[in-house]
Amino acid sequence: MKKYIIISFILLATITLKAQEGTSIFINYLPSIPMGGTADFSNNISPRGVDFEVERFLNEELSVGFNIAWNLFREKIPEETFYHNDLTITAVQFRYTNIVPLQVNVKKYFSGEGDYIPYAGFGLGTSYNESRNDVGVFTLTEDKWLFNLAPEIGMLYDMNYKAWLSVKLKYNYGFKSGEFPSQSFLSLGLGIGLK
Amino acid sequence: MNRNYPIFALLLFVSAVLFSCHPEYDATVEELDVAITQYDEEQDFSQLQTFYLEDSIIYINDEESGSASVDHSQNDLIVSLVRQNFLDMGWTEVTGPTDGEMDADVSIMLSVLETDLSFYYYYWWDWWYWYPWDWWYPWYGDPWYPGYPVWPGYPTYPSQGYTVGTLFIDMLDMNGAEMPEGDDSSFKVPMPWKGAAIGILAGSDTFLQQRLTNEINQVFKQSPYLQK
């Protein structure tokens, strides 16, 4: 269900965005490596990730924008004994982590010669995090909104007067909240932007 | 802003496909097997040395909503596996309790669900009520039952409930049974230990005997405090 909501959101935003001078919209494919608390729960490199960005260029060297992403990590744990409350359970575990960061960001561009424009950016916001452990017929789920920050470096390629190609390396970190552990992952983004 | 919607739409499509492409694992029947145990941490298991095991299994059904078909052909295997595990852990079996006396330290009850239990917190009130106590413990005197619900003390299982085909192995301390004061319609039996193999008898499976053996053995393996 969440999948359809996010895809609908992206489609809607794509259709309804009005053309503005100096505004670009990007969509990136976002395979990711889980780290820290995310890797502790679901430690597999994930090919499932996507983000959507709107960037408003204030000038040639600076933009501010909005970013929403979705990353899904999963791991199958072979049969093992673990503890839940006062229960001892032996089973195969199917673990899933869904993370949806929502950030505002600022990016600094280093314009040089040619069509390649490197940049460094920083995002700040929140993220929805859901950890789910399917054990036989049982599902143990925890979810939390976490304060989130995300530094990134990347490069834009000026394809033509209409489009960018984008490549980036982005680190996401969601701070621990209560019993819910911190969540972090490193993403490689490959995408396209419309000017 | 110029638009390049065909490329953009293609990327959206690729993203959607990536997410919908088997985001969930496909589990085999064996991978859905769960062995689960719970015990009373205040119980001194070294004080419990003998057990009584009824050679029958109670099938718990729901007359109102109907019951699922569950394989009854494994009764002998289940009983023998449970008995052997207790013996292997150093317990002594007591057979044929005398009338009105509780010769064994604990009684082991085996039951299988033929209906789903959705709300485990009410589980004890619900399904223990179905136990035909007068048949199950014929030596137990009339003044306390039959047909009264039993309230073991530790109803803290996952709240999703238990599914058809689940095998329960329950250890009851019948010597510790209590009648709540001023309430002659119910009594309480302590459960020092209980184990379950979730959903294992549901459906048909050519490897059922192997799975049953694995899961019942696992229930005991993960309960080292039962070792004598």
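Reminder, nothing fancy here: chain letters follow the sequence lines and each chain counts from 1.
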Neighbour count >12 (heavy atoms, 6.0 Å) for atom [atom1], [X]:
| X | atom1 | value |
| --- | --- | --- |
| A/Phe82 | CZ | yes |
| B/Glu93 | CD | yes |
| B/Asp76 | CG | no |
| B/Leu87 | CG | yes |
| B/Glu42 | CD | no |

Tell me the closest heavy-atom pair linking [X] and [Y], and the distance in Å.
| X | Y | result |
| --- | --- | --- |
| B/Val34 | A/Gly136 | CG2-CA, 3.5 Å |
| A/Ile89 | B/Gln222 | N-NE2, 4.1 Å |
| B/Tyr25 | A/Glu75 | OH-CA, 3.4 Å |

Given A/Thr90 and B/Glu215, is the side-chain contact (heavy atoms from CB on, under 4.5 Å) satisfied, shown in steps?
CA-CA 9 Å; A/Thr90 301; B/Glu215 293 306 299; over 6 Å; no

Less than 4.5 Å to any heavy atom of chain A: does that hold for the side chain of B/Glu31, its backbone, both, or neither?
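Interface part for B/Glu31: both.
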
Name the region of A/Thr88, side chain, backbone, both or neither, that has any atom closer than 4.5 Å to a heavy atom of chain B.
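For A/Thr88, heavy atoms of backbone and side chain both lie under 4.5 Å from chain B.
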
Are A/Thr81 and B/Gln218 packed together at the side-chain level, in the sense that at least one heavy-atom pair is separated by less than 4.5 angstrom?
yes

To the nearest 0.5 Å, how far apart are OG1 in B/Thr37 and OH in A/Tyr83?
8.5 Å

